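One structure below.
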There are 2 protein chains.
Amino acid sequence: MASRQPLSRSRILDAAVSFADEHGVEALTMRKIADALEFRVMSLYNHVTNKQEMLAGMLDVVVGEIGDPPTEGSWKDMLQASAADAHHVLSRHKWAAGEWSKRLPGPNRLRYIESILRILTEAELGPEVVYRGYHAVTMHIVGFTLQEVGYEQSLGDDLEEMADAFLNEMASEFPYMAEHVRGHLDDHDHGDEFAFVLGLILDGLDRAAR
Amino acid sequence: MASRQPLSRSRILDAAVSFADEHGVEALTMRKIADALEFRVMSLYNHVTNKQEMLAGMLDVVVGEIGDPPTEGSWKDMLQASAADAHHVLSRHKWAAGEWSKRLPGPNRLRYIESILRILTEAELGPEVVYRGYHAVTMHIVGFTLQEVGYEQSLGDDLEEMADAFLNEMASEFPYMAEHVRGHLDDHDHGDEFAFVLGLILDGLDRAAR
DNA sequence: ACCTGAACACCGTTCAAGT
DNA sequence: ACCTGAACACCGTTCAAGT
């Protein structure tokens, strides 16, 4: 049996990440992770201290998938590239953005934060713009992804179905929202909204610094 | 006994909101809410269909505390005022921002969304900027608040203590982050960051529309 | 050092019985 | 129509016992 290699913290975290990717973090259970690894529940506690700490570890595994930002280019380009990478990673693990603000940073997240702050600091925008810019950039990465995955999660596969139902029943009461929902259903290309909004923020920071 | 008025959906939601405000949403339990109301658990199910639906209802109660946006002033001022109001409400109920993206909108949230979209649409920015602007504004309201309350929640009361410990142990490995943490501890006035970043976004939308 | 059976104190929810 | 006792199928976690 391939699975009879001994348990380890890292094997547990990987299994838990895969499970959450597939079934959502709210379905994640110590017992199910143990089952997937073909061990008994209690064995997990030899390698993780409890479920909360395991979730923090899982998030840090995900953050570890974000690569180092580029070292060439303008500070805006470097931040756009790094944020896009983070966005892709968080989109792959739809539960992760929701955990981000609930867990203290692990080693990988500390490294990631440091790399964002380094780019902002070396852009010579002044301490106040760096301070606020950091909050703005991370807020955008996590907040935007969270908004994107939120509806997918709660509506499941019948997203379009629900949207149609809404348009039929509520369009007269909520005309502006009906228009917005039509925007979602359109095959119109809305472009890269993530990069667009981040661009507004970065341009604004640039302007505020000068 | 004052509490022997009959149970109702609204009394349950109010009790649940108060409980979550005080103890956090992760400590919220059907049994505890029933206890607080001096009924038995199963009675709750006569008025809410299950815990998930109750949480959706709780969030909509909170959204109901957000007032209508002003009807006078520039579109930017109206959005700043409405967003600030939403921010205050979500800051009062620290668990609510985390639920926002996980629940489908209830009646109060539909009304709120409609009011934001109305302001954007009547600003005549063009359909594409309205579409993206709506996502940007709501992302900011929820994302920013989530980031603000996140650390407060997970670090509890010893936030400053933790920050000091970080500075002592990690400042050499993460110099930029150490500087950022110092920024948090400073008695410097960082101004209204929420309004500042929203301002960047709104100015950017304005510029994109022209 | 790592694994595990048994047990504890909880969960959300259903169902049938009461008024 | 609303309330509730009993029960079911789960949870996370501890502890003592095994290797």
Side-chain angles (χ1 to χ4, degrees), chain A residues 1-61 95 98-99 102-104 153-154 156, chain B residues 1-61 95 98-99 102-104 153-154 156:
Chain A
M1 272 305 84
S3 94
R4 267 298 120 173
Q5 58 190 283
L7 220 41
S8 73
R9 177 176 169 83
S10 146
R11 284 189 68 212
I12 292 171
L13 294 183
D14 288 346
V17 166
S18 298
F19 184 93
D21 288 350
E22 196 165 350
H23 303 102
V25 76
E26 68 289 332
L28 184 152
T29 266
M30 298 305 273
R31 282 168 164 89
K32 289 186 200 156
I33 301 308
D35 283 352
L37 291 161
E38 296 184 68
F39 281 80
R40 308 293 166 156
V41 211
M42 311 75 74
S43 308
L44 301 180
Y45 290 88
N46 290 311
H47 303 93
V48 298
T49 62
N50 57 41
K51 191 184 183 180
Q52 298 304 311
E53 191 266 344
M54 188 177 86
L55 283 163
M58 290 165 61
L59 180 60
D60 213 54
V61 165
W95 51 274
E99 296 298 313
K102 293 199 277 198
R103 312 287 160 198
L104 287 177
Q153 300 278 70
S154 50
Chain B
M1 273 302 92
S3 94
R4 268 298 119 172
Q5 60 191 282
L7 221 38
S8 74
R9 176 176 169 83
S10 143
R11 283 189 66 213
I12 291 171
L13 295 182
D14 288 346
V17 166
S18 300
F19 184 93
D21 288 351
E22 196 165 350
H23 303 102
V25 77
E26 68 290 333
L28 184 152
T29 267
M30 299 303 274
R31 281 168 164 90
K32 289 185 199 156
I33 302 306
D35 283 352
L37 291 160
E38 296 183 68
F39 282 80
R40 309 292 166 158
V41 212
M42 311 76 73
S43 308
L44 301 180
Y45 290 88
N46 290 312
H47 303 94
V48 297
T49 62
N50 56 42
K51 192 184 182 181
Q52 298 304 310
E53 192 265 346
M54 188 178 87
L55 282 163
M58 290 165 62
L59 180 60
D60 213 54
V61 166
W95 51 275
E99 295 299 312
K102 293 200 276 198
R103 313 284 160 201
L104 289 177
Q153 300 279 69
S154 49

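Because the structure is predicted, anything quoted here is derived from the model rather than measured.
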Could you tell me the separation between the [atom1] atom of [X] and the [atom2] atom of [N], rounded to a whole number of Å?
{"X": "A:Q5", "N": "C:dC2", "atom1": "CD", "atom2": "P", "result": "15 Å"}
{"X": "A:D35", "N": "C:dT4", "atom1": "CG", "atom2": "C1'", "result": "14 Å"}
{"X": "B:Y45", "N": "D:dC2", "atom1": "OH", "atom2": "P", "result": "17 Å"}
{"X": "A:N46", "N": "C:dA1", "atom1": "CG", "atom2": "P", "result": "11 Å"}
{"X": "A:R40", "N": "C:dC2", "atom1": "CZ", "atom2": "C1'", "result": "15 Å"}
{"X": "A:L44", "N": "C:dC3", "atom1": "CG", "atom2": "P", "result": "9 Å"}
{"X": "A:E26", "N": "D:dC11", "atom1": "CD", "atom2": "P", "result": "13 Å"}
{"X": "B:E38", "N": "D:dT4", "atom1": "CD", "atom2": "P", "result": "11 Å"}

Subject >> Min side-chain heavy-atom separation B:N46-B:L7 under 4.5 Å >> reply: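 Side chain of B:N46 against side chain of B:L7, heavy atoms only: no contact under 4.5 Å found.
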Original post:
Do A:L55 and A:K102 touch side chain to side chain, with heavy atoms closer than 4.5 Å?
Top reply: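 The answer is no, as the side chains (C-beta and beyond) never meet within the 4.5 Å cut-off.
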Original post:
Quick one: which of C:dT4, D:dT14, C:dG12 gets closest to the side chain of B:T29?
Top reply: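 Minimum distance to the B:T29 side chain belongs to C:dG12.
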Subject >> Distance-only donor-acceptor test (3.5 Å): side chain B:R31, base C:dG12 >> reply: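 Pair found.
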**OP:** Just name whichever nucleotide pairs with C:dC10, Watson-Crick or G-U, keeping both distances under 3.5 Å, else none.
**Re:**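 For C:dC10, the partner nucleotide comes out as none, under the 3.5 Å rule.
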Original post:
Does C:dC15 have a Watson-Crick or wobble mate here (both distances under 3.5 Å), and if so which one?
Top reply: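 Pairing partner, where one exists within any strand: D:dG5.
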Original post:
For C:dC3, does either OP1 or OP2 sit under 4.0 Å from a side-chain N or O belonging to A:H47?
Top reply: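 Indeed, a polar side-chain atom of A:H47 lies that close.
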Original post:
Should A:S43 be listed as having a side-chain N or O under 4.0 Å from OP1 or OP2 of C:dT4?
Top reply: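 Answer is yes, contact under 4.0 Å.
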**OP:** Could you say whether B:L7 or A:K51 is positioned toward the 5' end of DNA chain D, judged by the nucleotide with the nearest heavy atom to each?
**Re:**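 The 5'-side residue here is B:L7.
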**OP:** Determine the minimum heavy-atom distance between A:R31 and A:V41, stating which atoms define it.
**Re:**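 A:R31 and A:V41 have their closest heavy atoms at CG-CG2, 3.5 Å.
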Original post:
So, for A:A20 and A:L28, which heavy atoms are closest and what is the spacing to 0.1 Å?
Top reply: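 Heavy atoms of A:A20 and A:L28 come nearest at CB-CD1, 4.2 Å.
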Original post:
Base, sugar-phosphate alone, or nothing: which one does A:M42 contact when heavy atoms must sit under 4.0 Å apart?
Top reply: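 Here A:M42 touches the bases of the nucleic acid.
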Subject >> Exam field: side chain A:R103 to backbone A:G57, donor-acceptor pair closer than 3.5 Å >> reply: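 Not confirmed, A:R103 side chain does not pair with A:G57 backbone.
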